[in-house]
There are 2 protein chains.
Amino acid sequence: MARKTKAEAEKTRQQLLDSAMKLFSEKGVAKTTLAQIAADAEMTRGAIYWHFEDKADLLHALFERSITPEAERLWHSMTNEGADPLDCLLRASHGFWLEMNSESTLKQVMMLYRQAEQVPELAEKLDEMHCQEDSHMYQALKMASEQGSLHPEMSVETAFTLFHTLHGGMVQLVCGVRKCTVELDKEKIFRELIQGVERAVSAPERLK
Amino acid sequence: MARKTKAEAEKTRQQLLDSAMKLFSEKGVAKTTLAQIAADAEMTRGAIYWHFEDKADLLHALFERSITPEAERLWHSMTNEGADPLDCLLRASHGFWLEMNSESTLKQVMMLYRQAEQVPELAEKLDEMHCQEDSHMYQALKMASEQGSLHPEMSVETAFTLFHTLHGGMVQLVCGVRKCTVELDKEKIFRELIQGVERAVSAPERLK
DNA sequence: AATTATACCTACACTTAAGTTTGTATCAAT
DNA sequence: ATTGATACAAACTTAAGTGTAGGTATAATT
């Protein structure tokens, strides 16, 4: 076997990316070898080295393909024009948690995020994206604060930290090996959690 | 150079553990070689293989030395007999965050926790410890609930998840490569955060 | 139809880090 | 004082994974 048409070549490239995404997010970048990826895609390492320069380049390509779009989708849901900014954030968080808890690509992407921390090259890129996300969230909270939606003893920075930390914790809870002893109805818990967070950040008068 | 007295040998063993702790928590277990550890301790790998069976055994010894004591210290602070359980938890969380934010051994230990996830051997042991911690936190919250300290729309499970997730998020925030764009007065933020969490979980009448 | 560039596969060389063996200087005990 | 056990160092072996050079069949180009 040998040369294929351009379309076919692109298809194998995508398969390689699929397999890489699967294995990287499952076992981590460090513990996944190029041979394993090639095997999963029913190719050889030769194919990988044809389409990508090396392992880092492969990871980079994965970012370009799936992560950036997911990130954009995420913060679009946070900044729904017109609507109440605090409400948006709460809804977005709720949606985020629910989606993380399913077998979504978002979850896979988040798994990759964690793995990418190890690779300095990509850690920078991640930081950039995180900065943008953070900035959007911060802006939303600032708007909420200016509208008087925040609790008087809850500064914008604290509210930001609360959401920020909760998100990180959720990712860890779902993606991490860290099993939680207490298994229960996630849907209900997430709903109650959001309500709790609302009590934490909202101005009293906002909680009708 | 060669044989030393028992005291001296024990000293090098401790130095090896120190160096391992330092490098493991800094760069991760996978990316730290035994040669680097030996070099940092101004020894050779021979010394490591004398005192420990292999890399995993070295990690295991690190756990025995520092992690278990730290864990016990932690959940003792959560279950202060007599005092209001919810108050205990809130105080413990506050202290945890403050300590995590300094250059404490607790922080190093938490860094190790994250790294240990990669090693299946240790992941189990970690799970055990986490289960105990979880169990203690859960019990404290259950007591609080029975005393009517929890908000009517906040189940024990949800409160548990909130603390659990916040803790995980804090660890990630402090230990992770994930830099936070917004730098600010941590002391103030932590204080406000705890107050926020209290509003989230407490029964209305408890917030005099 | 002949040629060239593409899209791989195969095999091997190179690197890195773990693990093992051997050597050796010294402490401790007889 | 000799001997054996100890506490390492240094050299060697092994294994795994990366990177690369060469081959090859076929699509694309002329």
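By convention in this document, chain letters (A, B, ...) are assigned in the order of the sequence lines, proteins followed by strands, and residues within each chain are numbered from 1.
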If we only count heavy atoms from C-beta on, is the [X] to [Y] side-chain gap below 4.5 Å?
X: B:D40; Y: B:L23; result: yes
X: A:M100; Y: A:V171; result: yes
X: B:H151; Y: B:V201; result: no
X: A:L17; Y: A:L58; result: yes
X: A:V174; Y: A:W97; result: no

> Is the distance from OP1 or OP2 of C:dA7 to the nearest side-chain N or O of A:W50 less than 4.0 Å?
Replying inline: yes
> Counting only side-chain N and O atoms of B:T12, is one of them less than 4.0 Å from OP1 or OP2 of D:dC8?
Replying inline: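 Result: yes.
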> Are any of the side-chain nitrogens in B:R73 or B:E99 under 4.0 Å away from the carboxylate oxygens of its partner?
Replying inline: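 Salt bridge flag = yes for B:E99 with B:R73.
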> Thinking salt bridges, do B:R65 and B:D18 make one under a 4.0 Å N-O criterion?
Replying inline: yes
> From the list C:dC8, D:dA7, D:dA27, which nucleotide is the closest neighbour of the side chain of A:H51?
Replying inline: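 Ranking C:dC8, D:dA7, D:dA27 by closest atom to the A:H51 side chain puts C:dC8 first.
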Rounding to a whole Å, what distance do you find between [X]:[atom1] and [N]:[atom2]?
X: A:K6; N: C:dA7; atom1: NZ; atom2: C1'; value: 12 Å
X: B:E8; N: C:dT26; atom1: CD; atom2: C1'; value: 10 Å
X: A:K11; N: C:dA7; atom1: NZ; atom2: P; value: 16 Å
X: A:R13; N: C:dT6; atom1: CZ; atom2: P; value: 16 Å
X: B:M43; N: D:dT6; atom1: CE; atom2: C1'; value: 15 Å
X: B:I48; N: D:dA10; atom1: CD1; atom2: P; value: 14 Å
X: B:E10; N: D:dT6; atom1: CD; atom2: P; value: 15 Å

>> Can you give me the bend angle of the helix from C:dA1-D:dT30 to C:dT30-D:dA1? Use the axis through the first five pairs and the one through the last five, nearest 10 degrees.
In response: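 The two end axes of the helix from C:dA1-D:dT30 to C:dT30-D:dA1 meet at 10°.
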Do any N or O atoms of the protein come closer than 3.5 Å to N or O atoms of nucleotides 15-19 of chain C, and which pairs are they?
residue: C:dA18; atom: OP2; partner: B:L34; partner atom: N; Å: 3.4
residue: C:dG19; atom: OP2; partner: B:Y49; partner atom: OH; Å: 3.1
residue: C:dG19; atom: N7; partner: B:R45; partner atom: NH1; Å: 2.9
residue: C:dG19; atom: O6; partner: B:R45; partner atom: NH2; Å: 2.3

> Do you see a donor-acceptor pair shorter than 3.5 Å between the side chains of B:K22 and B:Q108?
Replying inline: no
Could you go through residues 189-196 of chain A and list every donor-acceptor pair under 3.5 Å that involves a side-chain atom there, pairing it with any protein atom two or more places apart or in another chain?
residue: A:E192; atom: OE1; partner: B:S155; partner atom: N; Å: 3.0
residue: A:E192; atom: OE1; partner: B:S155; partner atom: OG; Å: 2.7
residue: A:E192; atom: OE1; partner: B:T158; partner atom: OG1; Å: 2.4

